[in-house]
Enquirer: 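This is the structure I want to talk about, given as structure tokens.
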Amino acid sequence: MGPSSYAGKSRASKNARVMYALGVELDNLRVKENGQQIGLENLIDRYADKAHWIPKPTFIVASGSGVHLYYQFEQPLVLFPNTIESLRLYKEELTKMIWSKSVTTTHTKDTIQQESIFQGFRMPGTLTKKGDKAVAFRVGGRVSIDYMNKFMRPSFKGSRNIEGTYRSDLRLEEAKEK
């Protein structure tokens, strides 16, 4: 299931209307030779109270071969074209920050999985590819756009922040004429 609602008969991105959460997939978590899930521990350390390198997700879902991080918004975002583009750029950078070498074995530019903001993921309670059940864990609260934007690296500020309101390229005079 995807984190957005749609208008129309198909779940096409052109029909997306409201975004309720941002989901990030994370596969190939690091595991020590003794089976210890070091990648998951390092992921938690990245958003823990002492680190704050990435935003704390609302939910983490164990999806079989990896995890999905969900950031549920305090207020759903209406998907204006500028909002969609800002979410796309933001998620791209956030995914790079999450897929770090201390968390996953596939952390290079060519191996990081960049999914669409509309990507549907396995629902908790459903079966994984391995036959286990996907399990969800609530680890944080709902997130605001301001909170999420605080985590964007300074070199990515501006064009990579999430825009939650409509923005037009028209000048005021042109908009009045139309």
Side-chain angles (χ1 to χ4, degrees), residues 1-6 10-16 18-32 35-48 51-73 76-77 79 83-143 145 147-149 151-153 156 160-162:
M1 176 176 227
S4 23
S5 63
Y6 298 85
S10 68
R11 202 185 74 119
S13 58
K14 68 178 182 176
N15 293 338
V18 178
M19 181 74 65
Y20 297 91
L22 190 64
V24 177
E25 182 175 16
L26 178 60
D27 287 330
N28 305 313
L29 294 168
R30 287 198 174 280
V31 178
K32 284 188 174 180
Q36 182 184 4
Q37 293 286 338
I38 193 71
L40 187 57
E41 289 178 15
N42 289 339
L43 173 68
I44 292 168
D45 284 346
R46 293 183 72 76
Y47 68 74
H52 297 293
W53 290 334
I54 62 170
K56 185 175 191 175
T58 310
F59 300 99
I60 295 180
V61 176
S63 61
S65 60
V67 295
H68 302 152
L69 282 65
Y70 292 97
Y71 298 91
Q72 184 179 16
F73 299 131
L77 295 176
L79 293 173
T83 305
I84 291 171
E85 182 61 10
S86 69
L87 278 167
R88 186 189 68 76
L89 292 171
Y90 184 93
K91 183 178 177 189
E92 187 176 291
E93 296 304 327
L94 179 62
T95 301
K96 290 176 189 175
M97 291 164 56
I98 291 171
W99 284 65
S100 70
K101 64 182 176 183
S102 68
V103 174
T104 180
T105 58
T106 51
H107 53 80
T108 65
K109 183 179 181 181
D110 297 330
T111 57
I112 293 174
Q113 294 176 20
Q114 292 287 358
E115 306 289 351
S116 164
I117 62 170
F118 305 113
Q119 175 71 32
F121 294 113
R122 186 171 282 110
M123 293 289 295
T126 60
L127 294 180
T128 68
K129 293 175 189 172
K130 297 178 181 178
D132 299 324
K133 283 192 176 181
V135 181
F137 301 91
R138 183 179 200 110
V139 295
R142 293 180 184 216
V143 297
I145 300 307
Y147 171 78
M148 295 295 285
N149 285 339
F151 290 89
M152 205 39 56
R153 299 175 196 173
F156 299 121
R160 303 289 199 258
N161 283 345
I162 299 170

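None of the values given here were measured: they were computed from a predicted structure.
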Enquirer: Do L69 and I98 pass the side chain to side chain contact (heavy atoms under 4.5 Å, CB included) test, and can you show the C-alpha distance, the side-chain angles, and the key distance before you say yes or no?
Expert: CA-CA 10 Å; L69 282 65; I98 291 171; 4.0 Å; yes

Enquirer: Do the non-hydrogen side-chain atoms of Q37 and V31 ever get within less than 4.5 Å of each other?
Expert: yes

Enquirer: Please give me the minimum heavy-atom distance between W53 and M97, naming the atom from each residue.
Expert: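 Reported closest heavy-atom pair: O-CE, 3.4 Å.
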
Enquirer: Which value, rounded to the nearest 0.5 Å, describes the distance between R30 atom CZ and T105 atom OG1?
Expert: 6.5 Å

Enquirer: Does S4 reach the main-chain N or O of M19 with its side chain, forming a donor-acceptor pair under 3.5 Å?
Expert: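 Judged by distance alone, no pair lies under 3.5 Å.
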
Enquirer: Between the main-chain N or O of F59 and the side-chain N or O of Y71, is there a donor-acceptor pair closer than 3.5 Å?
Expert: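 Checking the backbone N and O of F59 against the side chain of Y71, no donor-acceptor pair under 3.5 Å is found.
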
Enquirer: Side chain to side chain contact (heavy atoms under 4.5 Å, CB included), that's the test. Do E93 and M152 meet it? Break it down for me.
Expert: CA-CA 8 Å; E93 296 304 327; M152 205 39 56; 3.6 Å; yes

Enquirer: Give me the atom names and distance for the closest heavy-atom approach of A134 to M123.
Expert: CB-O, 3.6 Å

Enquirer: Is the backbone N or O of V139 less than 3.5 Å from a side-chain atom of K56, with the two atoms forming a donor-acceptor pair by type?
Expert: yes

Enquirer: Do K133 and T128 touch side chain to side chain, with heavy atoms closer than 4.5 Å?
Expert: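 They are not in side-chain contact.
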
Enquirer: Show the numbers, then the answer: is there a side chain to side chain contact (heavy atoms under 4.5 Å, CB included) between K109 and K96?
Expert: CA-CA 8 Å; K109 183 179 181 181; K96 290 176 189 175; 6.0 Å; no

Enquirer: Closest approach of D27 and G66, non-hydrogen atoms and distance?
Expert: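 The pair with the smallest heavy-atom distance is OD1-CA, 3.7 Å.
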
Enquirer: Would you indicate whether the side-chain heavy atoms of V61 and V135 approach each other to under 4.5 Å?
Expert: no

Enquirer: Working to the nearest 0.5 angstrom, can you tell me the gap between H68 NE2 and I60 CD1?
Expert: 11.5 Å

Enquirer: For H107 and T111, which heavy atoms make the closest approach, and how far apart are they?
Expert: N-OG1, 3.5 Å

Enquirer: Taking all non-hydrogen atoms of both residues, which atom of Q72 and which atom of T58 are closest, and how far apart?
Expert: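 Nearest pair, atom of Q72 first, then T58: N-OG1, 3.0 Å.
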
Enquirer: Once you round to the nearest 0.5 Å, how far does CD1 of I112 lie from CD of Q114?
Expert: 6.5 Å

Enquirer: In this structure, which one of N15, L79, V18 forms a side chain to side chain contact (heavy atoms under 4.5 Å, CB included) with S5?
Expert: V18

Enquirer: If I take atom CD1 from residue I54 and atom CG from residue D45, how far apart are they, to the nearest 0.5 angstrom?
Expert: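 These two atoms lie 10.5 Å from each other.
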
Enquirer: Nearest 0.5 Å, please: how far is CG in L43 from CZ in R46?
Expert: 8.0 Å

Enquirer: With distance as the sole criterion, is a donor-acceptor pair present between the side chains of T83 and S86 under 3.5 Å?
Expert: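 No, no side-chain donor-acceptor pair sits under 3.5 Å.
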
Enquirer: The test is side chain to side chain contact (heavy atoms under 4.5 Å, CB included); show your working for L94 and F151 and say whether it passes.
Expert: CA-CA 8 Å; L94 179 62; F151 290 89; 5.7 Å; no

Enquirer: Nearest 0.5 Å, what's the NZ-OG distance between K91 and S116?
Expert: 6.5 Å

Enquirer: In the structure I gave you, are the side-chain heavy atoms of L22 and F73 within less than 4.5 Å of one another anywhere?
Expert: yes

Enquirer: Between R122 (side chain only) and P124 (backbone N and O only), is there a donor and an acceptor less than 3.5 Å apart?
Expert: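 No.
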
Enquirer: Side chains of N28 and T106: is there a donor and an acceptor less than 3.5 Å apart?
Expert: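 On atom types as modelled, these side chains qualify, holding a pair under 3.5 Å.
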
Enquirer: Could you tell me which non-hydrogen atom of L29 sits nearest to which non-hydrogen atom of G39, and how far apart they are?
Expert: CD2-C, 4.3 Å

Enquirer: What is the ring orientation for F121 with Y70, classed by angle as parallel under 30°, tilted 30 to 60°, or perpendicular over 60°?
Expert: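 It falls in the perpendicular class, over 60°.
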
